[in-house]
Protein chains: 2
Amino acid sequence: MSLDVIDVRILAELQQDGSLSNVELARRVNLSPSPCLVRVKALETQGVIQRYVALADPKALGLGLNVFISISLKQQSKEALADFETRIAEHEEVMECYLMSGDSDYLIRVAVADIGALERFILDQLSPMQGVEKIRSSFALKQVRYKTALPLPAVLPAR
Amino acid sequence: MSLDVIDVRILAELQQDGSLSNVELARRVNLSPSPCLVRVKALETQGVIQRYVALADPKALGLGLNVFISISLKQQSKEALADFETRIAEHEEVMECYLMSGDSDYLIRVAVADIGALERFILDQLSPMQGVEKIRSSFALKQVRYKTALPLPAVLPAR
DNA sequence: ATTGAAAAATCTTCCCC
DNA sequence: GGGGAAGATTTTTCAAT
């Protein structure tokens, strides 16, 4: 599952616009539609392309507030970590969650409507979770950049 | 531009799968294709749906390392901030960038191949940027959760 | 890998409820 | 505002070069 230059070009285009028709995509990567479609299907089957999604505007949905929350657990046993990871993912507000090095804790980003919603999330959802020791919130005043398109290497091993 | 229950359902579906055909989408939200398409177009025109993208697998592209970098600037004047924001967004590795409260600095997430790539990014790109005072990196050992679908209110004002 | 044509599915429009 | 059907466009598939 190595990618050549054309695959990378296809990925770049689809990461920018997943609604491209195969005909238009083929035109942009200088291929005819048939082989282009074969490549796209291959990328999907291989899992390089995971899925297609619509991106919604947080502001339009009244979700203007992004908050980063650092969470420390009481213990860092494998079970305690796995348990936390399962339960944190159940909350819709949690857009991202990372196990971090250093303090051996988690960093999550939540998207909420306002401070009230944040307060409810922390007090009603997060604090009561067993194993959670320490919570520290940092507010994002502004989302300067948010993109889903991964950086693509200029060159990759030949196909 | 207020959303009713059906709009929310449409958004929920398209945030999960942006490649849904209008026919299938209509079926899922219990609508016939015609009014469904009207609503989707309206959501797009209003900007509630910003765009459609393909999500690629970081691992498959050799981008397994997520690093959060806190950046403090020497000054926090409006010009200094605007300048930094413009230039930080020029780097493909920077997936997200937030102006944070508190220390009046920035938090960015970069996706890189390995520590070597991180080192190059920090030493060659970030450190040399004028106005940058302090850089602190935190490594993500594991991406526990990553989603692009925003949480949708169970109830919103009637349309 | 490309071209071309056929088949399938889709989107769009119009009219009625 | 929603539903149904018909037309037109587009996409997708499959053949051969």
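Chain naming here is simple, since letters A, B, ... match the order of the sequence lines and numbering starts at 1 in each. In this text, all values refer to a predicted model and were calculated from it rather than measured experimentally.
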Closest listed nucleotide, where the reference is the side chain of B:K41 and the choices are D:dT13, C:dT12, C:dT2
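Nearest listed nucleotide: C:dT12.
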If you check the A:N22 side chain, which of D:dT12, C:dT2, D:dG2 turns out closest?
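Of the options given, the side chain of A:N22 lies nearest D:dT12.
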Could you tell me whether A:F84 and A:Y106 have their ring centroids closer than 6.0 angstrom?
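Close enough - the centres of the two rings lie under 6.0 Å apart.
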OP1 or OP2 of C:dT10 sitting under 4.0 Å from any side-chain N/O of B:S21?
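Answer yes for this pair, as a side-chain N or O of B:S21 is under 4.0 Å from OP1 or OP2.
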Between B:R39 and D:dG1, is there a contact of a side-chain N or O with OP1 or OP2 at under 4.0 Å?
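No, no such contact exists.
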What is the distance, to the nearest angstrom, from the [atom1] atom on [X] to the [atom2] atom on [N]?
| X | N | atom1 | atom2 | value |
| --- | --- | --- | --- | --- |
| A:L37 | C:dT3 | CG | C1' | 16 Å |
| A:N30 | C:dA1 | CG | P | 13 Å |
| B:L3 | D:dG1 | CG | P | 14 Å |
| A:R27 | C:dT2 | CZ | C1' | 17 Å |
| B:L25 | C:dC11 | CG | C1' | 13 Å |
| B:L31 | D:dG4 | CG | P | 10 Å |

If you pin A:E24 and B:P33 to their nearest nucleotides in DNA chain D, which one's is more 5'?
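That would be B:P33.
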Taking donor-acceptor contacts at under 3.5 Å, does the side chain of A:S34 reach the base of D:dC14?
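Checked by distance alone, the answer is yes.
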Under 3.5 Å, is there a donor-acceptor pair between the A:R109 and A:Y98 side chains?
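Checked: A:R109/A:Y98 side chains show no N/O donor-acceptor pair below 3.5 Å.
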Classify B:V23 by what it touches in the nucleic acid, base, sugar-phosphate, or nothing, heavy-atom distance under 4.0 Å.
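Result for B:V23 = sugar-phosphate.
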Answer yes or no: is there an ion pair linking B:E13 with B:R9, defined by an N-O contact shorter than 4.0 Å?
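No.
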Taking 4.0 angstrom as the limit, do B:R87 and B:E90 come out as a salt bridge?
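Salt bridge absent between B:R87 and B:E90.
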